[in-house]
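Just follow the structure's listing: the first ligand is 1, and inside any ligand the first atom is 1.
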Amino acid sequence: IMSLLRQWSSRVFSVELDARSAPFYFAIQESHRGEEVPRLFRNVQKYERCYSVFVCSGDRIQRAKFYWELKDKLQRALPPQCDFLPMSSFLPNVKHSLMKGYFVKDTSECSSSTERVLSDFIQNDPVLVCSYLRGEDGRLWTQRLRSHAESREVGMSQEHYVVPSEAPDYHPSTLNLINSDVFYSFEEAYKVLEKCGDIIPESTAVLGLVGQRPQARHKPDCPVIVIEGLDATGKTTLTESLRDALGATLLRSPPQCLSPWRARFDQEPPLIRRAFYALGNYITAEQIGQEAMQTPVIVDRFWHSTAAYAIATAVNGPVCNLPSEGSEVYCWPGDLLQPSLVVLLTLDPEERRRRLRARGQDKTEEEQELDHNQIFRLRVEEAYQRISGPACVTVDASPSADQVLQQVLLLIRGKCHL
Ligand SMILES: Nc1ncnc2c1ncn2[C@@H]1O[C@H](COP(=O)(O)OP(=O)(O)O)[C@@H](O)[C@H]1O
Ligand SMILES: Nc1ccn([C@H]2C[C@H](O)[C@@H](COP(=O)(O)OP(=O)(O)O)O2)c(=O)n1
């Protein structure tokens with residue numbers, strides 16, 4: 001926390017207004033050089049007060065857990081007139097420098113209850129709280145940092161001016177992706193679940209199924225074909241037909257043996273949830289290695305799904321916020337079995353919705369969000385297509401099931417000499 005406070009004034013702050021617009025960026029500095037007030041603050045009404053709350057200490061599991069619960073905690077404790085916007089603090093373009101929090105706009109008539117709640121948070125929780133204060137002339141804004149450690153930190157109780165800042169080259173939410181949202185080795189994912197043992201007892205059972213480390217990666221004897229795509233694009237239909245047409249073995253990721261724990265890990269923050277899915281791929285890889293000694297193997301979802309959903313969830317806003325094409329974020333893990341072919345089924349949103357309705361099944365929360373949030377769906381699809389080593393081959397899934405099957409069989413025969 002001390003080193004964090006030392007570099008506080010080099011940090012940039014961003015506040016997300018909604019999924020479609022660019023965030024507001026601002027910085028803080030000791031003296032004012034006549035800069036304009038950032039737009040975020042120009043919109044603040046006279047009677048509103050603003051704060052930000054960041055999670056600042058604990059190990060990374062504790063920080064992830066605390067941030068995951070923070071909005072609910074704040075919402076329960078603060079007056080109902082408070083609005084919350086997702087906020088970040090980061091060192092521009094410096095990996096792993098992202099801290100997450102919330103920007104709170106308080107429109108209640110009296111500030112005392114909000115102040116009391118925030119003081120309690122500062123005393124009892126691993127948070128840093130900033131208050132934003134409007135200067136006498138109504139134009140300048142200052143940020144005052146308050147934390148449990150403040151009394152011990154010289155200089156941090158002083159106020160800093162809030163000034164506009166340019167958008168960084170990399171969207172802040174891309175800074176912490178590696179080994180927090182997407183895992184590039186068995187070891188990194190394993191470590192996360194190992195550290196969760198005391199707070200999530202189910203982790204131990206999962207680690208028991210995973211084994212110690214993946215077998216040395218060797219090229220399977222028979223072709224391994226992965227089918228990817230959003231929910232209801234026709235993966236189940238196609239993978240079952242491929243199994244029958246090729247006399248293949250059908251596997252899926254996460255594997256069947258993890259299904260008792262999937263719902264449990266779906267409730268956890270991304271760090272833990274994504275580590276669970278990453279380990280699922282290594283279990284499936286083990287099964288693929290076994291089966292592909294005898295028959296071709298068809299796999300329903302694999303690493304493309306794990307990485308694409310993780311990246312698209314971690315990065316907010318329009319597709320241009322994603323890490324650019326060619327970024328290391330899209331590279332296949334060095335220790336994970338590589339399929340011979342990955343097919344991505346795509347479908348226009350209207351037809352996908354029709355198939356979802358026709359199936360009439362319950363959807364995962366994330367899939368419901370896909371329905372509501374067109375931009376999220378676009379991010380997932382774009383991330384799918386940026387992953388390399390192996391890259392996916394896109395197939396339009398709107399023709400009849402048999403036509404899609406024939407098209408994919410052609411691809412397989414071309415690529416895998418079956
Ligand atoms: N090519 C297709 N044309 C029309 N309907 C399809 C096609 N493929 C699948 N379906 C139907 O769409 C729904 C979703 O397909 P499914 O294979 O379960 O998708 P997923 O496994 O990707 O979620 C099912 O009701 C299925 O019968
Ligand atoms: N190999 C996999 C498979 C799924 N996931 C994650 C990605 C999404 O959060 C969900 C999507 O799973 P969902 O159950 O909706 O998909 P299906 O209905 O099985 O097609 O699972 C993953 O991370 N890695």
Side-chain angles (χ1 to χ4, degrees), residues 177 181-183 189 192 226-244 250-259 261-288 298-314 332-333 336-337 339 342-371 373 376-377 379-381 383-384 387 392 395-409:
L177 282 176
D181 294 281
V182 192
F183 295 88
V192 172
V226 172
I227 307 298
E228 293 281 7
L230 299 175
D231 196 20
T233 47
K235 296 183 297 302
T236 308
T237 309
L238 175 65
T239 50
E240 287 173 359
S241 309
L242 285 172
R243 176 195 57 200
D244 299 344
L250 174 54
L251 296 171
R252 64 188 324 272
S253 180
Q256 215 65 52
C257 62
L258 287 188
S259 24
W261 292 289
R262 190 170 175 187
R264 175 71 185 84
F265 283 88
D266 274 345
Q267 298 163 14
E268 293 298 328
L271 174 70
I272 299 169
R273 178 175 185 209
R274 302 305 175 186
F276 169 82
Y277 280 106
L279 289 175
N281 289 329
Y282 287 95
I283 299 182
T284 299
E286 188 79 33
Q287 299 172 344
I288 297 172
I298 308 297
V299 193
D300 186 340
R301 290 194 190 265
F302 198 47
W303 197 75
H304 272 76
S305 277
T306 312
Y309 280 79
I311 295 168
T313 311
W332 194 268
L336 183 65
L337 179 139
V342 182
V343 172
L344 172 67
L345 299 180
T346 59
L347 205 53
D348 76 76
E350 206 35 62
E351 171 63 9
R352 200 178 76 87
R353 224 167 286 138
R354 196 195 62 72
R355 289 188 192 178
L356 273 170
R357 274 197 303 269
R359 193 164 62 174
Q361 275 177 346
D362 276 347
K363 291 175 258 169
T364 61
E365 231 174 78
E366 201 157 45
E367 286 294 346
Q368 282 175 26
E369 187 170 358
L370 286 185
D371 256 2
N373 192 343
F376 178 50
R377 188 186 60 77
R379 289 199 303 267
V380 177
E381 281 193 334
Y384 265 133
I387 291 167
C392 55
V395 167
D396 175 15
S398 48
S400 73
D402 190 54
Q403 283 171 304
V404 175
L405 170 67
Q406 295 311 324
Q407 162 103 42
V408 174
L409 282 172

*Kindly indicate, with the supporting measurements, whether the criterion side-chain contact (heavy atoms from CB on, under 4.5 Å) is fulfilled by C392 and E228.*
CA-CA 8 Å; C392 55; E228 293 281 7; 5.9 Å; no
*May I have the step-by-step check of side-chain contact (heavy atoms from CB on, under 4.5 Å) for L405 and L238, ending in yes or no?*
CA-CA 6 Å; L405 170 67; L238 175 65; 4.1 Å; yes
*asked:* Applying side-chain contact (heavy atoms from CB on, under 4.5 Å) to R243 and T239, what does each step give before you reach the verdict?
replied: CA-CA 6 Å; R243 176 195 57 200; T239 50; over 6 Å; no
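Remark: side-chain polar atoms of R352 are paired, donor with acceptor, to backbone N or O of D231 under 3.5 angstrom. Counting only distance, with no hydrogens or angles, the side chain of K235 and the backbone of V299 share no donor-acceptor pair below 3.5 Å. Of the possible polar contacts, one joining the Q403 side chain to the S400 backbone as a donor-acceptor pair under 3.5 Å is found. At distances below 3.5 Å, not a single donor-acceptor pair connects side-chain atoms of W303 with backbone N or O atoms of A307.
Residue contacts with ligand 1: T237 is placed with a nitrogen or oxygen under 3.5 Å of a nitrogen or oxygen of the ligand (distance criterion only). Considering backbone and side-chain atoms together, D231 places an N or O closer than 3.5 Å to an N or O of ligand 1. Ligand 1 has no nitrogen or oxygen under 3.5 angstrom from a nitrogen or oxygen of E351. Looking at G234 next to ligand 1, an N or O pair under 3.5 Å apart turns up. Ligand 1 has no N or O atom lying under 3.5 Å from any N or O atom of L238, backbone or side chain.
Within ligand 2, the atoms closer than 4.0 Å to a non-hydrogen atom of T306 are 1 (N), 2 (C), 22 (C), 23 (O), 24 (N), numbered from 1 in the order shown. Under a 4.0 Å criterion applied to the non-hydrogen atoms of N281, ligand 2 contributes the atoms 1 (N). When each atom of ligand 2 is checked for a heavy atom of S253 under 4.0 Å away, the hits are 1 (N), 2 (C), 3 (C). Listed by atom number, the atoms of ligand 1 under 4.0 Å from K235 heavy atoms are 17 (O), 19 (O), 20 (P), 21 (O), 22 (O), 23 (O). Under a 4.0 Å criterion applied to the non-hydrogen atoms of R273, ligand 2 contributes the atoms 9 (O). For ligand 2, the atoms lying closer than 4.0 Å to a non-hydrogen atom of R274 are 9 (O). Interface atoms of ligand 1 facing T236, defined by a heavy-atom separation under 4.0 Å, are 17 (O), 18 (O), 20 (P), 21 (O). Annotation for ligand 2: atoms under 4.0 Å from non-hydrogen atoms of R252 are 19 (O). The distance from ligand 2 to the heavy atoms of D231 drops below 4.0 Å at these ligand atoms: 17 (P), 18 (O), 20 (O).
The shortest separation from a heavy atom of P399 to ligand 1 is under 4.0 Å, placing the residue in contact. Using a 4.0 Å cutoff on heavy atoms, G280 does not count as a contact of ligand 2. Put simply, part of A232 is less than 4.0 Å from ligand 1, judged by heavy atoms. Taking 4.0 Å as the cut-off, S400 counts as a neighbour of ligand 1 on heavy-atom distance.
Residues T313 and R274 bring a donor and an acceptor atom of their side chains to less than 3.5 Å of each other.
Comparing K235, E228, R262 by heavy-atom distance to atom 11 (C) of ligand 2, the nearest is R262. Between R357, R355, R354, R301, it is R355 that holds the heavy atom closest to atom 13 (C) of ligand 1.
For the side chain to side chain donor-acceptor pair (under 3.5 Å) test, residues two or more places apart in sequence or in another chain that qualify with S398 are D396. Take F276 and apply the ring-ring contact (aromatic ring centres under 6.0 Å, His included) test, not counting sequence neighbours, and it matches F265.
Heavy-atom minimum distance, A275 versus A189: CB-O, 3.8 Å.
Here the straight-line distance linking atom CG of L230 with atom CG of L356 works out to 9.5 Å at 0.5 Å rounding.
Closest to atom 25 (O) of ligand 1 among all protein heavy atoms lies R359 CB, 4.1 Å.
By the criterion of a heavy-atom distance under 4.0 Å, neither the backbone nor the side chain of W303 is placed next to ligand 2.
Ion pair R377/E381 flagged as a salt bridge, since at least one NZ, NE, NH1 or NH2 atom sits closer than 4.0 Å to an Asp/Glu carboxylate oxygen.
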